[in-house]
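Everything below concerns the one structure shown next.
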2 protein chains.
Amino acid sequence: MEFNEAKAQFIQTWGKLGSEWGINRTMAQVHAILLISPKPLCTEDIMEELNISRGNTNMNVRDLINWDLVSKKLVPGDRKEYFEAEKDIWEVARRIIKERKKREVEPVIKVLSQLKQIDGDSEISEIKEFTSMMEQLDRFVGKMDKSVNLLINENENKLFSLLFKLLK
Amino acid sequence: MEFNEAKAQFIQTWGKLGSEWGINRTMAQVHAILLISPKPLCTEDIMEELNISRGNTNMNVRDLINWDLVSKKLVPGDRKEYFEAEKDIWEVARRIIKERKKREVEPVIKVLSQLKQIDGDSEISEIKEFTSMMEQLDRFVGKMDKSVNLLINENENKLFSLLFKLLK
DNA sequence: TTAAACTTTCAATAATTATTGAAAGTTTAA
DNA sequence: TTAAACTTTCAATAATTATTGAAAGTTTAA
């Protein structure tokens with residue numbers, strides 16, 4: 001396969017994966033081109049590469065910065081801002097997990113802990129089932145939360161070596 | 001909090017979580033009401049509960065069945081189909097992970113393995129960076145894949161007890 | 001200060017995704 | 001067989017989400 005074809009396919013695959021997981025397709029594509037770029041890129045570069053507008057580029061790059069996946073890089077003697085992606089894939093995964101946990105999972109944990117204790121006759125089957133499910137979910141999500149905290153805080157080698165012990 | 005309020009809040013929270021993770025909001029809401037229902041529900045029940053059309057109900061229920069999260073339950077002496085959800089949350093998580101891996105992650109693994117070997121001068125920095133990133137991703141996704149297989153195949157107690165050892 | 005070179009915002013619009021509901025299809029009981 | 005009681009499909013439409021691009025805002029060099 002030729003480089004440009006491979007590059008296009010990677011951008012497209014990464015964008016598709018993102019959109020399947022609830023992330024703006026264009027944001028994922030911008031991430032893709034920054035991931036494979038050997039040097040920082042400016043807004044123009046990204047616009048040209050993906051054929052998108054300046055406003056769109058700006059918003060998605062800032063989103064990536066908010067996710068802590070991309071940072072601004074100043075080039076001396078140039079007024080433009082350049083952007084570069086975190087290249088360590090383990091670090092990338094860690095930051096994505098951390099952010100999604102904070103934005104999307106933690107609010108759910110908060111709600112579940114409230115829904116566990118509802119008023120009402122615990123002899124009514126609807127109420128019994130509801131409470132039991134909330135308790136199950138709360139316990140499960142709590143365990144997952146702890147496991148993910150581990151995952152976020154351990155380094156690659158430590159975590160995988162432990163995971164692989166489970167395989168032995 | 002009163003039962004009906006709690007129920008509404010759970011349906012809404014579950015739907016929101018789903019849509020943030022790329023799953024049809026209504027499908028997640030249908031799942032929510034089946035999760036907390038002590039008895040199987042028919043299409044009518046779901047339509048009324050969520051105020052959605054018959055067609056929409058039918059499609060989302062069938063999707064849930066395809067995800068192996070819901071099954072048909074026949075009630076003797078009744079021509080209607082009833083639906084009930086898998087209630088073991090660990091099993092629910094396992095099936096969701098299994099399905100998303102199959103549908104969304106495995107195609108990516110396949111693409112990455114191809115993109116690793118591209119033609120071109122490996123002295124060109126673009127090509128060097130690209131190849132290195134594809135190799136990194138391929139290794140990472142391969143490890144994740146193995147870890148997820150573990151997760152899918154182990155039972156709750158075994159997995160969590162092992163994860164918690166890491167916390168000690 | 002000023003104006004050139006940039007970045008950011010946001011209302012209008014386009015693109016995508018979800019939903020409706022009527023028509024077609026299927027199953028069952030008699 | 002038939003017709004009633006259901007389920008499924010799918011074209012039209014609605015709702016949601018993403019994008020544009022021009023205008024407003026900001027920063028920097030001189």
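Residue numbers start from 1 in every chain, and the chains themselves are labelled A, B, ... in the order their sequence lines are given, proteins ahead of strands.
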(request) Kindly state each residue pair satisfying side chain to side chain donor-acceptor pair (under 3.5 Å) with at least one member in residues 108-123 of chain B, sequence neighbours excluded. (result) B/Lys116-B/Asp138
(message) Report for the helix from C/dT1-D/dA30 to C/dA30-D/dT1: angle between first-end and last-end helix axes, five pairs each, rounded to 10 degrees.
(response) 20°
[X]: which residues meet the side-chain hydrogen bond (donor to acceptor under 3.5 Å, both in side chains) condition with it, sequence neighbours left out?
X        : answer
A/Glu104 : A/Arg100, B/Trp21
B/Asp45  : none
A/Arg103 : A/Glu99

(message) I'd like to know if B/Arg94 pairs up with B/Glu86 as an ion pair, taking the criterion as any Lys NZ or Arg NE/NH1/NH2 lying under 4.0 Å from an Asp or Glu carboxylate oxygen.
(response) no
(request) Calculate, to the nearest 0.5 Å, the distance between atoms OG1 and CD belonging to B/Thr43 and B/Glu81 respectively. (result) 7.0 Å
(request) Drop me the distance from B/Gln29's CD to B/Lys16's NZ, to the nearest 0.5 angstrom. (result) 12.5 Å
(message) Using a 4.0 Å cut-off on heavy atoms, which residues in residues 18-54 of chain B reach DNA chain C? List them by number, or say none.
(response) B/Asn24, B/Thr26, B/Asn51, B/Ile52, B/Ser53
(request) Kindly give the cluster partners of B/Val75, where membership spreads through any ILVMFWY side chain lying under 4.5 Å from a current member. (result) B/Tyr82
(request) Could you tell me from which nucleotide to which nucleotide of DNA chain C, 5' to 3', there is an atom under 4.0 Å from chain B heavy atoms? (result) C/dA18 to C/dT28
(request) Output all residues satisfying salt bridge (charged side-chain N to carboxylate O under 4.0 Å, His left out) with B/Lys101, sequence neighbours left out; order by chain, then residue number. (result) B/Glu106, B/Asp145
(message) Could you work out, with salt bridge (charged side-chain N to carboxylate O under 4.0 Å, His left out) as the rule, every residue matching A/Glu44, not counting sequence neighbours?
(response) A/Arg54
(request) May I ask you to list the residues of residues 61-78 of chain A, by number, that have any heavy atom positioned under 4.0 Å from an atom of DNA chain D? (result) none
(request) State which residue, out of B/Asp63, B/Ile46, B/Thr57, fulfils the side-chain contact (heavy atoms from CB on, under 4.5 Å) condition with B/Val30. (result) B/Ile46
Which atom pairs, donor and acceptor, lie under 3.5 Å between side-chain atoms of residues 124-132 of chain B and protein residues at least two apart or in another chain?
{"from": "B/Glu129", "atom 1": "OE2", "to": "A/Lys87", "atom 2": "NZ", "distance (Å)": "2.4"}
{"from": "B/Thr131", "atom 1": "OG1", "to": "B/Ile127", "atom 2": "O", "distance (Å)": "2.8"}

